[in-house]
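The structure under discussion appears below in the form of structure tokens.
Side chains are part of it too, since the values below use all heavy atoms of this structure and drop only hydrogens, waters and symmetry mates. Residue numbering restarts at 1 for every chain, and letters A, B, ... go by the order of the sequence lines. None of the values given here were measured: they were computed from a predicted structure.
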There are 4 protein chains.
Amino acid sequence: MYFAINSASEFPVYQQIVDQIKREIALGRLSCTDKIPTVRELAAQLIINPNTIAKAYRILEQQGIVVTRVGSGTFVSEAGSSLSQDARKTLVCGKLELAAVEAATLRISKTTVSEWFETILGKFMFREA
Amino acid sequence: MYFAINSASEFPVYQQIVDQIKREIALGRLSCTDKIPTVRELAAQLIINPNTIAKAYRILEQQGIVVTRVGSGTFVSEAGSSLSQDARKTLVCGKLELAAVEAATLRISKTTVSEWFETILGKFMFREA
Amino acid sequence: MYFAINSASEFPVYQQIVDQIKREIALGRLSCTDKIPTVRELAAQLIINPNTIAKAYRILEQQGIVVTRVGSGTFVSEAGSSLSQDARKTLVCGKLELAAVEAATLRISKTTVSEWFETILGKFMFREA
Amino acid sequence: MYFAINSASEFPVYQQIVDQIKREIALGRLSCTDKIPTVRELAAQLIINPNTIAKAYRILEQQGIVVTRVGSGTFVSEAGSSLSQDARKTLVCGKLELAAVEAATLRISKTTVSEWFETILGKFMFREA
DNA sequence: GTGGTCTAGACCACC
DNA sequence: GTGGTCTAGACCACA
């Protein structure tokens, strides 16, 4: 796994790690029960404070995306999210709305945005719960 | 116009104001050359420091979304963004990807996300540059 | 780096800071990835409120001239502007026109202005995008 | 004379009027001893508060660019600026520097800026003092 | 220790 | 009356 951390980004480093691990999973490059790097390994690789990595893993664990087994490491969780269908829709639609508003504000045509989104969806693996 | 500010949100107050004004415009509830509330009006209504409102308006102005005329107020701009086509695509696709990853992580089917997005797009007014 | 702030100037303090940092970069005295003084350092040195320095840095960041990394400081950016070619030409030609009108008004000969400008251009480092 | 006032500009209205009258003179569209519109006329034409026009004329008079003869109106002055050669150079070179720094910052090549400036200079009438 | 957010309040420029 | 500038100071997020 190669992560690209942009310390100049508007997003904090721990958030970028969370997003990129989620992305690896969505892309199918990380599967259920796969082991993800230890905090120390990733910290060494990215030349980042281990506390920052630990914070990212803690968030992923709270969201049910990974599980940590003391003594053996951190693994991609098999279980789906524990959130209700409504809560999920709110989360996803909130982000979709922000993207749509951004596109409308930048005067991009509806068909163009729609095409861009289909292309992006094609890159990820979607499996129903 | 009624804005809902959530001071416990993960997003700062000024960002919420920026997003909600962009949304009003994208929804067509605010049109070109319409006047938006004065800094002091909105500050009084939301019980927020005027500087915070002013910061939101400044950001909107820098993005070319509103224009301010000292002495008369702040108005929705007619002009489009001055960003290059590439910069726009990067901005929008970044947000679309985050939404797509979120959906995949939450195990929502591709067709469902796609439908949600089409519904959302239908709510907004898109006009090409 | 020594900045000269003139609080009696027609230009606001934060603008003077923005202009002087741009100038340092254009002169080649600040290079890509160089660290510029921290907000608190510069505030202490110039005896100015830190918020005023922060405002200047925020503007520089919005123009893509510096990047800030919370926790480590503010650095000169490597990336170029994201403005369209037209927007750039409008910005620069607007300033050139004002200078030309000023020269004509003050009855300075065209060749003199031209020579002055060439001398000034010689002081700065120009690198195409 | 037709002035284009942009009330959304970063420059105040009175400044725009000052600049545009200087520009008309530099373009040769207003000559020495020509009468410029009365405050009331211009205020009516631009739909602007007469005080704003009066402020612009006051500034032009202070700079020796127009003279007001009570009872007959305001006229383009024949006399040149009363400023010393050094003061003039400082004024003009300050503006040229700002334009050069802007160009360098926007990564425009030196030859391009130089060409733009020559084109602009060609539009104006320069007469030595 | 870095910058970011928000508040409170004074003063100013513009119209 | 409009927004803009600047100050002073508290508190927070990030690394």
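Between the side chain of B:Ser84 and the backbone N or O of B:Ala87, at least one donor-acceptor pair lies under 3.5 Å. Under the 3.5 Å distance criterion, the side-chain polar atoms of C:Thr38 are matched with a main-chain donor or acceptor of C:Glu41. One N or O on the side chain of C:Glu61 and one on the backbone of C:Thr68 form a donor-acceptor pair closer than 3.5 Å. Panel note: side chain D:Gln16, backbone D:Phe11; a donor-acceptor pair is recorded below 3.5 Å. For A:Thr52 (side chain) and A:Ile48 (main-chain N/O), no donor-acceptor pair under 3.5 Å exists by modelled atom type.
A sub-4.0 Å separation between OP1 or OP2 of E:dG4 and a side-chain N or O of C:Thr68 is present. A sub-4.0 Å separation between OP1 or OP2 of E:dG1 and a side-chain N or O of C:Ser72 is absent.
For the pair C:Ile48 CD1 and F:dT5 C1', the interatomic distance rounds to 12 Å; values are reported in whole Å. Rounded to an integer number of Å, the gap from CG of B:Leu42 to C1' of F:dG3 is 14 Å. In this entry the distance linking CD1 of D:Ile5 with C1' of E:dC14 reads 14 Å, nearest Å. Spacing between atom OH of B:Tyr57 and atom C1' of F:dT2 amounts to 12 Å, rounded to whole angstrom units. We find that CG of C:Asn49 is positioned 16 Å from P of E:dT5, with the value rounded to whole Å. Per the geometry, CD1 belonging to B:Ile53 stands 17 Å off P belonging to E:dG9, to the nearest Å. Atom C1' of nucleotide F:dG3 and atom CG of B:Leu60 are separated by 15 Å, given to the nearest angstrom. Taking atom CD1 on C:Ile17 and atom C1' on F:dC6, their separation rounds to 11 Å, with Å as the unit.
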* I would like to know whether D:Ile36 and D:Phe75 meet side chain to side chain contact (heavy atoms under 4.5 Å, CB included); could you show each step before the answer? => CA-CA 6 Å; D:Ile36 66 177; D:Phe75 302 83; over 6 Å; no
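Computed from C1' positions of five pairs at each end, the angle between the two local axes of the helix from E:dG1-F:dC14 to E:dC14-F:dG1 equals 20°, rounded to 10 degrees.
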Pairs under 3.5 angstrom, nitrogen or oxygen only, protein versus nucleotides 10-13 of chain E, please.
none

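Atoms CG and CZ, on A:Asn51 and A:Arg58 in that order, are 8.0 Å from each other to the nearest 0.5 Å. A distance of 6.0 Å separates CG in A:Leu98 from NZ in B:Lys95, rounded to the nearest 0.5 Å.
The nearest heavy atom of DNA chain E to C:Thr74 and to D:Val13 marks one nucleotide each, and the one closer to the 5' end goes with C:Thr74. A residue-by-residue look at B:Gln15 and C:Lys35 shows that C:Lys35 has its nearest nucleotide of DNA chain E further toward the 5' end. Of the two residues contacting DNA chain F, namely B:Arg58 and A:Thr52, the nearest-nucleotide position lying further toward the 5' end is that of B:Arg58.
A salt bridge is defined here as a Lys NZ or Arg NE, NH1 or NH2 lying under 4.0 Å from an Asp or Glu carboxylate O, and A:Arg88 with B:Glu102 fails to meet this definition.
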